[in-house]
Amino acid sequence: MPSVLYTASTFSHIVSFHLPYLRRFRELGWQVSVACGGEMRDIPYADAVYELPLAKSMTDPGNFRAARMLRAMMARESYDLVITHTSLASFFTRWAVRGMKHRPPIVNVMHGYLFDDRTTGPKKLLLPAAEKLTAPQTDLLLTMNAWDDRWAREHRAARRVEFIPGMGVDLERCAASPDTRAAMRQKLGLRDGDVALIYPAEFSDRKNQAMLLRAMESLPDHVKLLLPGRGALLEDVKAQARDTGLTQRVLFPGFVTDIPGWLAASDIAVSSSRSEGLPFNIMEAMAAGLPVAASDVKGHTDLITPGETGLLCPYDDAAAFAAAILRLTEDSALRAQMGRAGKAQVQRYRLDAVLPQVMALYLSAAKETNT
């Protein structure tokens, strides 16, 4: 029986994005193992689950212990394929196989390089260097946006580079009835005239929720902001809302599972992120028929056609963001038009269309390396 090992920085990443692929491997007769850091989670379709001492800091000793654990696992289990996700886990997974005489083929799924042309400081040197260092151990690299794909090919970041339209989105899950919208808005205390913005994301420097609150200060009182999610900066952003008098207009529900319900209650999707791969939150919002206002960065630019499916603003420009939101807030016909266009455009990212493409590439990596 062939075997595959999935690695990622957190178990929640696997649960959120990869269960359809684990299920497909099982259907094909593969044995599936998963090794991750973060909070332990039950992983459907996994035959074995391993906890790794991964930490966010690249130099944390736990990461090197995780690499040694992975190396021992790969030597012991003789996997036919290793598929790695997220920047931290992918680096230490590939580091683990350096110098191995008989190693499994490695597929690195790039969900978004954490650098781009505007990156400055140590990250500008360290992050690209880490990718180049582990390129010889990367048999197949899958990219999701134009900038990452171009960089990977120019810098030979893998033996083979292929472009994929993300991991696929279950578009039917994003559909909701008018009754759902009415019930959810009532539950959230939204009135008929309120315009609700939504940004489900981890609270971090990269996601930059702080900028959205600065933009909210100059927007009318009937504009509300929904911020589902958790993360290191959640309390800081809550404090910012208190200090700027926005506590009645910004909702912090924490981690939520009913994203379709929250999208149904909303009128505009927003994203203030510094960089993205191919963001699920934007694709799900488009599938739900919402227009999008987002920062003009990689990942967003791959999904949003300015003036047709949404609006793009310079990164961290609160005034420009507020102006874009105000334009959409005041023109319900434009919101509806952009929402329809986005719903049509996102069809190419359907899970049932994407999954066969990605699986074919996974299996090709196993076949090429093991023949």
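- Without hydrogens or angle criteria, Arg160 side chain to Leu140 main chain gives no donor-acceptor distance under 3.5 Å.
- A continuous path of ILVMFWY side-chain contacts below 4.5 Å connects Tyr199 to Leu233, so both sit in one hydrophobic cluster.
- Contact record, Asp139 with Ile106: OD2-N, 2.8 Å, taken as the closest heavy-atom pair.
- Side chain of Ser218 to backbone of Ala215: a donor-acceptor contact under 3.5 angstrom is found.
- Tyr113 and Ile164 are not part of a single hydrophobic cluster, where members link through side-chain heavy atoms under 4.5 Å apart.
- The structure places CZ of Arg24 at 15.5 Å from CG of Leu19, a figure rounded to the nearest 0.5 Å.
- Side-chain atoms of Asp194 never come within 3.5 Å of backbone atoms of Ala196 as a donor-acceptor pair (strictly under, hydrogens ignored).
- Atom CG of residue Leu126 and atom CD of residue Glu131 lie 12.0 Å apart, to the nearest 0.5 angstrom.
- Residues Val32 and Ile14 are members of one and the same hydrophobic cluster, defined by side-chain heavy-atom contacts under 4.5 angstrom among Ile, Leu, Val, Met, Phe, Trp and Tyr.
- Under the 4.0 Å criterion applied to side-chain N and carboxylate O atoms, Arg181 and Asp267 are assigned as salt-bridge partners.
- At a threshold of 4.0 Å, the pair Arg274-Asp116 counts as salt-bridged, since one of the basic side-chain nitrogens sits closer than that to a carboxylate oxygen.
- Donor-acceptor pairing under 3.5 Å is recorded for the side chains of Thr10 and Ser12.
- Using modelled atom types, one side-chain atom of Arg26 and one backbone atom of Tyr45 make a donor-acceptor pair closer than 3.5 Å.
- Taking the six-membered ring where the residue is Trp, His111 and Phe17 present tilted rings, their angle falling between 30° and 60°.
- Proximity of Tyr21 to Met359: side-chain heavy atoms (C-beta onward) are separated by under 4.5 Å at one or more points.
- Between the side chains of Trp30 and Asp80, no donor-acceptor pair of N or O atoms lies under 3.5 Å.
- Residue-environment remark: CD (Glu27) exceeds the threshold of 12 foreign heavy atoms within 6.0 Å.
- Salt-bridge annotation for Asp149 and Arg153: present, with a side-chain N of the basic residue lying under 4.0 Å from a carboxylate O of the acidic one.
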_Could you go through Leu328 and Val195, starting from their C-alpha distance and side-chain angles, then the distance that decides it, and tell me whether this counts as side chain to side chain contact (heavy atoms under 4.5 Å, CB included)?_
CA-CA 9 Å; Leu328 292 171; Val195 175; over 6 Å; no
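- Considering only heavy atoms from C-beta on, Arg335 comes within 4.5 Å of Ser332 through its side chain.
- Leu142 is not connected to Phe163 by any chain of hydrophobic side-chain contacts under 4.5 Å among Ile, Leu, Val, Met, Phe, Trp and Tyr, and they are in different clusters.
- Arg249 and Glu217 are not joined by a salt bridge, as no carboxylate oxygen comes within less than 4.0 angstrom of a charged side-chain nitrogen.
- The nearest pair of heavy atoms linking Val109 to Met167 is CG1-SD, 3.9 Å.
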*Please walk me through it: do Val270 and Leu225 pass side chain to side chain contact (heavy atoms under 4.5 Å, CB included)?*
CA-CA 9 Å; Val270 296; Leu225 177 59; 4.3 Å; yes
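- Counting only distance, with no hydrogens or angles, the side chain of Ser272 and the backbone of Asn208 share a donor-acceptor pair below 3.5 Å.
- Within the 3.5 Å criterion, the main-chain N or O of Glu202 finds a donor-acceptor partner in the side chain of Gln209.
- Between the side chains of Thr138 and Arg94, a donor-acceptor pair is found at a separation under 3.5 Å.
- Looking at residues two or more places apart in sequence or on another chain, you find no ring pair (Phe, Tyr, Trp, His ring centres under 6.0 Å) involving Phe321.
- Think of Leu290 as one node in a network of Ile, Leu, Val, Met, Phe, Trp and Tyr side chains linked at under 4.5 Å; its network also takes in Met184, Leu188, Leu190, Ile198, Leu226, Leu251, Val256, Ile259, Trp262, Leu263.
- Both Val358 and Phe280 are part of a single hydrophobic cluster, where members link through side-chain heavy atoms under 4.5 Å apart.
- Going from atom CZ of Phe91 over to atom CG of Leu127 covers 10.5 Å, rounded to the nearest 0.5 Å.
- Although no hydrogens or angles enter the test, the distance criterion places no donor-acceptor pair under 3.5 Å between the side chain of Arg98 and the main chain of Trp95.
- Sparse packing is recorded around CZ of Arg191, with 12 or fewer heavy atoms of other residues, nucleotides or ligands lying under 6.0 Å away.
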*Please step through side chain to side chain contact (heavy atoms under 4.5 Å, CB included) for the pair Thr309 and Val292, ending with a clear verdict.*
CA-CA 7 Å; Thr309 62; Val292 184; over 6 Å; no
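- Inter-residue side-chain proximity for His18 and His85 is flagged as met; some heavy-atom pair is nearer than 4.5 Å.
- Side-chain N or O atoms of Gln240 include one that pairs as donor or acceptor with a backbone N or O of Ala210 at under 3.5 Å.
- Contact record, Asp302 with Ala146: OD2-N, 2.9 Å, taken as the closest heavy-atom pair.
- Residues Gln137 and Thr93 are not in side-chain contact: their nearest non-hydrogen atoms beyond the backbone lie 4.5 Å or more apart.
- Atom NZ of Lys124 is surrounded by 12 or fewer heavy atoms from other residues, nucleotides or ligands within 6.0 Å.
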*Just do the side chain to side chain contact (heavy atoms under 4.5 Å, CB included) check on Asp296 and Thr301 with the steps written out, would you?*
CA-CA 6 Å; Asp296 188 3; Thr301 56; 3.0 Å; yes
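- Heavy-atom neighbours of Arg327 CZ from other residues, nucleotides or ligands within 6.0 Å: at or below the threshold of 12.
- Taking all atoms of both residues into account, the shortest heavy-atom contact from Val354 to Gly166 is CG1-O, 3.3 Å.
- Between Leu303 and Pro279, the closest side-chain pair of non-hydrogen atoms falls below 4.5 Å.
- Arg159 contributes a side-chain N or O that, together with a main-chain N or O of Pro136, makes up a donor-acceptor pair within less than 3.5 Å.
- Side-chain contact between Arg340 and Lys343: absent, with no pair of heavy atoms (C-beta onward) separated by less than 4.5 Å.
- For the residue pair Ala176 and Pro260, the shortest heavy atom distance occurs at CB-O, 4.3 Å.
- To the nearest 0.5 Å, atom CE of residue Met110 and atom OG of residue Ser90 are 5.0 Å apart.
- Put simply, CZ on Arg173 and CG on Asp258 are 8.0 Å apart, with the number rounded to the nearest 0.5 Å.
- Between Glu276 and Lys207 there is a salt bridge, with a side-chain nitrogen of the basic residue lying less than 4.0 Å from a carboxylate oxygen of the acidic one.
- Within the model, atoms OG1 of Thr247 and CZ of Phe252 stand 9.0 Å from one another, a figure rounded to the nearest 0.5 Å.
- Contact annotation: the side chain of Pro53 approaches that of Met69 to within less than 4.5 Å [non-hydrogen atoms, C-beta and beyond].
- Judged purely by distance below 3.5 Å, without hydrogens or angles, the side chains of Asp148 and Asn145 pair a donor atom with an acceptor atom.
- Side-chain contact annotation: Ser273 with Ser295, donor-acceptor N/O pair under 3.5 Å absent.
- When all heavy atoms of Trp151 and Phe115 are compared, the pair lying nearest together is CE2-CE1, 3.7 Å.
- Of the N and O atoms on the side chains of Thr180 and Ser177, at least one donor lies less than 3.5 Å from an acceptor on the other residue.
- No hydrogens or angles considered: nothing links the side chains of Glu77 and Ser3 as a donor-acceptor pair under 3.5 Å.
- Side-chain atoms of Asn63 come within 3.5 Å of backbone atoms of Ala55 as a donor-acceptor pair (strictly under, hydrogens ignored).
- Residues Leu363 and Phe25 form a side-chain contact, since some pair of their non-hydrogen atoms from C-beta on lies under 4.5 Å apart.
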